[in-house]
Amino acid sequence: MKTPQASTSSQHSVNELVRPTLTFQHPMLQLRPDTGPGLQYHHLSTQQFSDVHAFQEYEKSTGLTVPSGVTRDWSGNNAPTAVTLSRRGSISGHTMRNDGGIDAFRFHSLPTSEAMATHDGDLSHFMGSYEQSANTIISKATNSAGNKETVNAVLADHVRMDYEPDKGFVPSRVTHGSGFSGKAIHSSHNDDALPLYQPSVDQLKRDGKSVTPSQAFHSEPMMTSLDNQYRSQQGWPELHDDRSMFSMVTSAPNQVCFNCGRMLHHETPQDSVTSGMPGVPFGGQKPGAMPISDKRNSTVVRATPLSELVKSPTNTSEVGALFKAFPNFK
């Protein structure tokens, strides 16, 4: 692929752009989905707790231990609270009610979301579904010969969260979408797909680096471009210009690379968090939050790769605690 010259809209569906001979292990990636309204891959829950102690017990048991560095004064009472994440990448925000109780929300990881949506009330079945979902993100795509390919793809959900004392946390501007790296694009559509990688090209230029396909044509900028195209159709601001946005980006299989992390950090708007959740490590990138953007109170957090989490007794315990905490998840 050559370097894109202009950020124009693609007139083709994602399914048309991606090589039909590629087989992705996750069924939704196999469908090559377009961007659209609503959440599709990561479940959003709202909860109420009787007091701070009950909430803290929930935080501890379900692994909300990763700081984002972002704080939010949800109620406007000069009592900001921290936005935290689990090692799996789930995002949680909370605020205290006037009665001393806690209102909270949680944006769940893809494997947890899929396990909760399909379980039959049996913990062992639930854990099996969780691991099966995780393995679809860990696994590489294959070609028609059955050989593994060095392509990457993402499934993403985005939501704006606001708080109203009489309603609790209220979601809006909700979208889902996908993105595929340049090596996944059918050769006949290379020129059509080029503009979709512009956000990564722009980031390389902001950092004074040379633009190369290996650095620029990744799945995250394609996802970002397609989401902004949909937002424009709805009359919404581009993601970078919005506020209070929470984004879940599951990456199959690779961890968010250095440049895409920088790009997502630039695109994450004020008072917002983007969570990148990979199948496997990549490019020497470590889990945790990127330095917070002080002017915008926003950041990107890299989750621990699923290839490591599925082997972790601590993760198994935390996922089991989620099963108990959300009995009516469906």
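Values reported hereafter were calculated over all heavy atoms of this structure, with side chains retained and with hydrogens, waters and symmetry mates removed. Bear in mind that the values here come from a model prediction, so they are computed numbers and not experimental data.
Shown here for Ser272 and Val70, the closest heavy-atom pair between the two residues is O-CG2, 3.9 Å. Across all non-hydrogen atoms, the minimal contact from Pro199 to Leu196 is CD-O, 3.6 Å. The heavy-atom pair separating Ile137 from Ser251 by the smallest distance is CG2-O, 3.4 Å.
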Considering only distance and modelled atom types, tabulate donor-acceptor pairs under 3.5 Å from the side chains of residues 89-96, sequence neighbours left out.
residue, atom, partner, partner atom, Å
Ser90, OG, Ser86, OG, 2.7
Ser90, OG, Arg106, NE, 3.4
Ser90, OG, Arg106, NH2, 3.2
Ser92, OG, Phe105, O, 3.1
Thr95, OG1, Ser75, OG, 2.8

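Legend: ring-ring contact (aromatic ring centres under 6.0 Å, His included) pairs involving residues 16-40, not counting sequence neighbours, sorted by first then second residue: Phe24-Phe180. Applying the salt bridge (Lys or Arg N to Asp or Glu O under 4.0 Å) rule to pairs touching residues 273-287 yields nothing, sequence neighbours excluded. Legend: ring-ring contact (aromatic ring centres under 6.0 Å, His included) pairs involving residues 125-151, not counting sequence neighbours, sorted by first then second residue: His119-Phe126, Phe126-Phe323. Sorted by first and then second residue, the ring-ring contact (aromatic ring centres under 6.0 Å, His included) pairs involving residues 260-300 (not counting sequence neighbours) are His240-His266. A salt bridge (Lys or Arg N to Asp or Glu O under 4.0 Å) check over residues 12-25, counting only residues at least two apart or in different chains, returns the pairs Arg19-Glu149.
Cluster note: Val256 groups with Val154, Met223, Val249, Met263, Leu264, Met290, Val300 through ILVMFWY side-chain heavy atoms spaced under 4.5 Å, whether in direct contact or through intervening members. Side-chain contacts under 4.5 Å among hydrophobic residues (ILVMFWY), followed directly or transitively, place Leu239 together with Met245.
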Test Thr314 against Arg87 for side chain to side chain donor-acceptor pair (under 3.5 Å), laying out the working first.
CA-CA 10 Å; Thr314 299; Arg87 291 193 304 150; 5.0 Å; no

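For Tyr230, there are no ring pair (Phe, Tyr, Trp, His ring centres under 6.0 Å) partners at least two apart in sequence or on another chain. With sequence neighbours left out, the side-chain contact (heavy atoms from CB on, under 4.5 Å) criterion links Thr23 to Gln25, Gln30, Thr142. Residues passing the side-chain contact (heavy atoms from CB on, under 4.5 Å) test with Glu57, sequence neighbours excluded: His53. Residues that satisfy the side-chain hydrogen bond (donor to acceptor under 3.5 Å, both in side chains) test with Asn254, not counting sequence neighbours, are absent from this structure.
Side-chain contact, His42 with Ser109: no donor N or O sits under 3.5 Å from an acceptor N or O.
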